[in-house]
Visitor: 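Next up is a structure, given as structure tokens.
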Amino acid sequence: MHLKIAAKPFSLSGKKLIFVDDKELYSAITDSIAGQECVKLIDKKDNIVLSVIIRELTLLQDSYKVRFLNRENIPIHFNRIERWKPHYKANYHDNTYTVKENEYNIYIISKNGTEIGRYAKHQSTFLSNEDIFIIDDNIADLELVVSLCLIIHEKESDRRNPD
């Protein structure tokens with residue numbers, strides 16, 4: 001499957017459209033909860049928030065908390081596992097998910113050591129900035145993988161726009 005996160009470069013709302021195999025299934029907005037910036041993943045059909053992604057910063061590293069609002073509402077902590085590299089790891093439903101950037105600056109998403117997705121490329125036009133991901137066709141936790149792709153999208157956006 002192909003997953004595309006499209007953001008308008010001059011959008012004040014920070015809204016992103018998310019396409020899975022060219023079908024717009026989700027959107028995401030940047031918001032604030034208790035003073036912390038977060039990204040909310042929204043189901044396009046029902047217009048409900050599926051997950052909230054909060055970046056937690058400490059002095060030398062960051063981590064992410066993903067909270068699903070339509071399930072058991074238990075936060076999933078993606079903790080940085082290497083201090084100087086953007087490598088994150090979390091456990092969810094007896095599975096271990098990792099997000100790692102390899103030596104070619106390509107993010108790989110793994111489940112129990114098996115690759116289930118990867119950051120493919122960035123496309124930029126005057127009207128849209130798009131990050132393209134290739135994900136496995138047999139994903140059981142699609143919202144989790146989309147949330148991980150949003151984390152990668154945010155990190156890549158920060159890298160492209162350091163201000």
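If you read the sequence from its start, that first residue is 1, and numbering goes on from there.
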Visitor: Can you tell if the side chain of Y107 reaches within under 4.5 Å of the side chain of E156, non-hydrogen atoms only?
Guide: yes

Visitor: So which residues get pulled into Y104's cluster when ILVMFWY side chains under 4.5 Å apart are joined, directly or through others?
Guide: I106, I108

Visitor: Does any non-hydrogen side-chain atom of I109 lie less than 4.5 Å from one of C149?
Guide: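 Side-chain contact under 4.5 Å: yes.
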
Visitor: Could you tell me how the ring of F68 sits relative to the ring of Y92: parallel (under 30°), tilted (30 to 60°) or perpendicular (over 60°)?
Guide: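 Tilted: the ring planes of F68 and Y92 meet at 30° to 60°.
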
Visitor: Could you walk me through whether K15 and T30 satisfy the side-chain hydrogen bond (donor to acceptor under 3.5 Å, both in side chains) test, starting with their C-alpha distance in whole Å, then the side-chain angles of each, then the deciding distance to 0.1 Å, before giving a yes or no?
Guide: CA-CA 7 Å; K15 184 174 182 179; T30 303; over 6 Å; no

Visitor: Is any side-chain heavy atom of K155 closer than 4.5 Å to a side-chain heavy atom of P86?
Guide: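 They are in side-chain contact.
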
Visitor: Quick check on side-chain contact (heavy atoms from CB on, under 4.5 Å): which of D21, L142, L148 does I135 satisfy it with?
Guide: L142

Visitor: With rounding to the nearest 0.5 Å, note down the distance linking CD in E154 to CG in D62.
Guide: 12.0 Å

Visitor: If you measure from CD1 on I151 to OG on S63, what distance do you get to the nearest 0.5 Å?
Guide: 9.5 Å

Visitor: Tell me, do H2 and I134 make a side-chain contact under 4.5 Å, heavy atoms counted?
Guide: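 Answer yes - side chains close enough.
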
Visitor: Can you tell me if N47 has over 12 outside heavy atoms packed within less than 6.0 Å of its CG?
Guide: no

Visitor: Report yes or no: do V66 and L25 belong to one cluster of Ile/Leu/Val/Met/Phe/Trp/Tyr joined by side chain heavy-atom distances under 4.5 Å?
Guide: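 Both belong to a single hydrophobic cluster.
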
Visitor: Would L144 and I139 satisfy side-chain contact (heavy atoms from CB on, under 4.5 Å), going step by step from the backbone distance to the final call?
Guide: CA-CA 9 Å; L144 175 61; I139 298 289; over 6 Å; no

Visitor: To the nearest 0.5 Å, how far apart are CD1 in I5 and NE2 in H153?
Guide: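 NE2 of H153 is found 6.0 Å from CD1 of I5.
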
Visitor: Considering all heavy atoms of both residues, which atom of D94 and which atom of N112 are nearest to each other, and what is their separation?
Guide: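 Answer, listing the atom of D94 first, then N112: O-OD1, 4.4 Å.
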
Visitor: Less than 4.5 Å apart, side chain to side chain, heavy atoms only: is that true for I18 and V146?
Guide: yes

Visitor: Would you indicate whether the side-chain heavy atoms of E37 and S32 approach each other to under 4.5 Å?
Guide: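 No, too far: nothing below the 4.5 Å cut-off.
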
Visitor: Please report the shortest heavy-atom distance between M1 and D137, naming the atom on each side.
Guide: N-OD1, 2.7 Å

Visitor: Can you tell me how far NZ of K40 sits from NZ of K16, rounded to the nearest 0.5 angstrom?
Guide: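 Taking NZ in K16 and NZ in K40, the distance rounds to 12.5 Å.
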
Visitor: If you count the non-hydrogen atoms of other residues, nucleotides and ligands that lie under 6.0 Å from CG in D22, is the total more than 12?
Guide: no

Visitor: Counting C-beta onward and ignoring hydrogens, is there a side-chain heavy-atom pair between L50 and L69 closer than 4.5 Å?
Guide: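 Not in contact.
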
Visitor: Do the side chains of I42 and I29 get nearer than 4.5 Å, heavy atoms only?
Guide: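 In contact.
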
Visitor: Between CD1 of I152 and OH of Y119, what distance do you get to the nearest 0.5 Å?
Guide: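 These two atoms lie 9.0 Å from each other.
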
Visitor: Where do H77 and A90 come nearest, in terms of heavy atoms and distance?
Guide: O-CB, 3.0 Å

Visitor: If only atom types and distance count, is the side chain of D46 paired as donor or acceptor with the main-chain N or O of I48 below 3.5 Å?
Guide: no

Visitor: Taking the six-membered ring of Y97, is the NZ or CZ of K111 close enough (under 6.0 Å from the centre) and on axis enough (within 45°)?
Guide: no

Visitor: Show your reasoning for whether salt bridge (Lys or Arg N to Asp or Glu O under 4.0 Å) applies to E56 and K65.
Guide: CA-CA 7 Å; E56 299 173 334; K65 185 186 326 178; 3.4 Å; yes

Visitor: Evaluate the side-chain contact (heavy atoms from CB on, under 4.5 Å) criterion for residues I132 and Q123: first the C-alpha distance (whole Å), next the side-chain angles of each, then the deciding distance (0.1 Å), finally the verdict.
Guide: CA-CA 8 Å; I132 312 294; Q123 294 176 323; 4.1 Å; yes

Visitor: Going hydrophobic residue to hydrophobic residue with side-chain gaps under 4.5 angstrom, can you get from V20 over to V39?
Guide: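 Yes; tracing contacts between hydrophobic side chains, which count when under 4.5 Å, links both residues.
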
Visitor: Nearest 0.5 Å please: distance from the CG atom of D131 over to the NZ atom of K4.
Guide: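 Separation between the atoms: 11.5 Å.
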
Visitor: Do we see a donor-acceptor contact under 3.5 Å between the side chains of Y26 and E143?
Guide: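 Yes, because at least one side-chain N or O of Y26 sits under 3.5 Å from a partner of the opposite role on E143.
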
